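Quick caveat: nothing in here was measured; it's all calculated off a predicted structure. Just so we're on the same page: letters track the sequence lines, and every chain starts at 1.
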Amino acid sequence: MIDIRLLRSEPELVKAAMARRMKPALLGELEHAESLDARLREITTERDSIRAQVNGLSKDVATMRRTKDDSGAEALMAKSRSLGETEKKLASEYDEASSALREVLLLIPNLPHPQVSDGNNDKDNKVVKGPLQMPKEFAKHQRVPHWETGTALGILDNERATKISGSMFTMQRGLGATMARALCQLALDRNADAFEEIRPPSLVLTSTLTATGQLPKFADDAFAIERDDLWCIPTAEVPLTSLHASETLNAQDLPLRYMAHTSCFRREAGSAGRDTRGMLRTHEFDKVEILAVTTAQQAPEMLIELTNRVEATIAALGLPYRVLEICTGDLGQSHHRSFDIEVYAPGCDQWLEVSSISWFSDYQARRADIRCKHAGAKGSEIAHTLNASALAVPRVWAAILENFRQPDGSVVIPEVLQPYMRGAKVISAKS
RNA sequence: GGAGAGGUGCCAGAGCGGCCGAAUGGGGCGCCCUGCUAAGGCGUUGUCCGGGUAAACCGGACCGUGGGUUCAAAUCCCACCCUCUCCGCCA
């Protein structure tokens with residue numbers, strides 16, 4: 001959520017920043033929020049003053065009871081009763097207005113960081129680094145899509161995955177399965193110096209999925225377990241962000257850094273037919289997420305740190321990659337500023353987004369009610385959250401198959417993964 | 001899933017429908033005492049929202065959550081959630 005007090009005090013500034021997202025309907029939502037907020041404060045003031053009167057009368061009643069002034073007490077009680085009627089009406093108006101305001105606020109996206117460049121959509125994202133580790137030319141044997149190589153090597157069995165679970169599910173076997181797990185282990189080990197490993201639940205409450213911004217707007221993108229009112233997590237960002245929901249943290253303990261390897265479940269509604277062939281877009285995949293809770297001051301530096309960490313892992317795998325900064329028109333709802341890391345896959349001739357490194361400013365933390373308190377300071381402020389995919393398995397797995405495919409059809413396993421591969425250095429077809 | 005017990009401030013723990021934002025103890029912070037430490041003495045110590053330029057201050061809300069009764073609820077009633085113990089089931 002954006003800060004309603006900022007909208008209240010600097011409406012023009014908020015509107016100007018929001019206009020950069022290139023979604024004209026947003027301005028209407030902002031104005032709606034402004035008027036609901038004004039109305040809410042009117043009601044609050046009135047309701048509170050009635051409550052103050054009732055509280056005062058109740059005290060007087062107590063005094064009169066003690067002095068046995070029963071008729072006086074009766075008179076005050078009657079007066080208080082009628083005030084109570086008014087209070088009741090105001091209270092229900094308050095509930096109405098405040099839930100209406102909350103509803104609107106939950107739909108309003110985050111303000112883009114001033115340095116984010118303007119753009120309409122993903123085509124306007126700028127490459128800020130790279131391409132790096134890009135060969136001058138790709139050989140013909142690298143121009144084979146991973147689904148062909150994977151199937152030929154017996155390490156990818158999407159046909160049977162579909163038999164078991166339907167379309168858009170994937171299954172790795174043998175060294176393919178081992179490599180999927182190796183990638184996760186690598187990503188965890190590379191960040192274990194600073195990040196605490198968490199094994200969070202995969203099913204979460206509605207409130208948890210609301211905190212990170214997936215709900216209420218993007219309910220169709222998530223798998224729901226309706227009978228039990230639970231949701232499958234689309235990313236470990238969801239449980240990790242809510243780890244400290246409703247808590248006030250000591251600023252001196254920040255930043256907090258967590259990492260988690262989880263399955264991620266996505267309905268991929270609205271992307272039917274896109275990237276359905278291999279494992280570029282699936283309903284379930286494994287990912288290692290790194291996440292930080294910081295003060296506002298620490299956040300910019302953390303964004304750089306997360307980006308560097310993700311980049312270093314991709315670089316260590318030897319894959320061709322580049323870094324993009326996401327423009328205002330492509331920035332996710334909760335995002336304040338984001339970078340994407342893309343890996344080139346010569347077989348399907350595509351740049352694949354393998355990581356998104358994002359700073360959410362206080363947007364998610366306000367929804368989750370994560371505060372931080374500076375020692376000696378009065379009151380508290382909303383914390384900042386940032387996260388990144390340290391490594392998302394399927395696309396990296398696919399890029400490895402395509403980049404490191406040899407003329408004989410085998411695939412060389414990147415050296416950094418070999419320690420996790422039980423001695424294997426190459427994946428060859430079983431004779 | 002069944003039976004029972006319980007959820008109060010940083011922690012422990014008391015709380016009669018009004019004088020309870022909440023006793024008492026511990027902890028923290030400040031001052032005093034003290035060569036240092038320990039012990040001791042005194043004081044202080046919650047959060048959120050609205051108003052106030054800010055501080056002072058004023059008003060409201062908060063005793064697991066949500067409803068209800070009442071002039072007035074931590075206290076009474078109802079529902080739910082969570083924790084603990086026992087039983088059942090289970091990796």
To the nearest angstrom, how far is [X] atom [atom1] from [N] atom [atom2]?
{"X": "A:Asp3", "N": "B:C48", "atom1": "CG", "atom2": "P", "value": "14 Å"}
{"X": "A:Leu205", "N": "B:C80", "atom1": "CG", "atom2": "C1'", "value": "14 Å"}
{"X": "A:Asp229", "N": "B:C81", "atom1": "CG", "atom2": "C1'", "value": "13 Å"}
{"X": "A:Glu247", "N": "B:U47", "atom1": "CD", "atom2": "C1'", "value": "15 Å"}
{"X": "A:Leu40", "N": "B:A61", "atom1": "CG", "atom2": "P", "value": "16 Å"}
{"X": "A:Leu90", "N": "B:A61", "atom1": "CG", "atom2": "C1'", "value": "16 Å"}
{"X": "A:Asp37", "N": "B:C49", "atom1": "CG", "atom2": "P", "value": "13 Å"}
{"X": "A:Arg51", "N": "B:C58", "atom1": "CZ", "atom2": "C1'", "value": "17 Å"}

A:Leu303/A:Arg337 under side chain to side chain contact (heavy atoms under 4.5 Å, CB included): CA gap, chis, key distance, verdict: CA-CA 9 Å; A:Leu303 182 65; A:Arg337 186 174 197 186; 3.9 Å; yes
Does A:His335 have its ring centroid less than 6.0 Å away from the ring centroid of A:Tyr363?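 No.
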* To do: Could you tell me whether A:Phe360 and A:His384 have their ring centroids closer than 6.0 angstrom?
  =>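 A:Phe360 vs A:His384: aromatic centres not under 6.0 Å.
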**Item:** Verdict with reasoning, A:Lys373 to A:Glu381, per salt bridge (charged side-chain N to carboxylate O under 4.0 Å, His left out)
**Value:** CA-CA 6 Å; A:Lys373 188 178 165 61; A:Glu381 56 190 59; over 6 Å; no
Quick check for you: among [options], whose closest atom lies nearest to any side-chain atom of [X]?
{"X": "A:Asp48", "options": "B:G51, B:G59, B:C48", "result": "B:G59"}
{"X": "A:Arg41", "options": "B:C48, B:G50, B:U47", "result": "B:G50"}
{"X": "A:Ser380", "options": "B:U47, B:G50, B:A61", "result": "B:U47"}
{"X": "A:Arg66", "options": "B:A61, B:G50, B:C19", "result": "B:C19"}

- request: May I ask you to evaluate whether A:Arg47 reaches the phosphate of B:G50, defined as a side-chain N or O under 4.0 Å from OP1 or OP2?
  value: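 So the side chain of A:Arg47 is outside the cut-off, no N or O lying under 4.0 Å from OP1 or OP2 of B:G50.
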Discussion item. Is the phosphate of B:G46 approached by A:Lys373 (side-chain N or O, under 4.0 Å from OP1 or OP2)?
Written reply: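 Answer no for this pair, as no side-chain N or O of A:Lys373 is under 4.0 Å from OP1 or OP2.
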With B for base contact, S for sugar-phosphate-only contact and - for none (protein heavy atoms under 4.0 Å), nucleotides 68-74 of chain B reads ---BS--
Review point. Rounding to the closest angstrom, what is the interatomic distance between B:G46 and B:A38 at atom C1'?
Key: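 That atom pair is separated by 31 Å.
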A:Ser80 (side chain) donor-acceptor with A:Leu76 (main chain) under 3.5 angstrom: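 Here the side-chain-to-backbone pair does not exist.
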>> Quick check: on RNA chain B, is the nucleotide nearest A:Gln53 upstream (toward 5') of the one nearest A:Ile4, or the reverse? Name the residue that is more 5'.
In response: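 Taking each residue's closest nucleotide, the earlier one in sequence belongs to A:Ile4.
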Fill in: Qualifying residue for side-chain contact (heavy atoms from CB on, under 4.5 Å) with A:Asn191, from A:Arg309, A:Glu197, A:Arg257
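For A:Asn191, the side-chain contact (heavy atoms from CB on, under 4.5 Å) test succeeds with only one of A:Arg309, A:Glu197, A:Arg257, which is A:Arg309.
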**Q.** Verdict with supporting geometry, A:Arg371 and A:Ser380, side chain to side chain donor-acceptor pair (under 3.5 Å)
**A.** CA-CA 6 Å; A:Arg371 296 171 165 273; A:Ser380 59; 3.1 Å; yes
Which ranges of RNA chain B pair up as stems, where a stem means three or more consecutive Watson-Crick or G-U pairs with both distances under 3.5 Å?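 The stems that RNA chain B takes part in, listed by first number, are B:1-7 with B:81-87, B:10-12 with B:24-26, B:27-32 with B:40-45, B:46-51 with B:57-62, B:64-68 with B:76-80.
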| Is it true that the side chains of A:Trp359 and A:Ser338 contain a donor and an acceptor less than 3.5 Å apart? |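 Short answer, no.
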- Give a yes or no on this: more than 12 heavy atoms of other residues, nucleotides or ligands lie within 6.0 Å of atom CD of A:Glu301.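 At most 12 heavy atoms, drawn from other residues, nucleotides or ligands, come within 6.0 Å of this atom.
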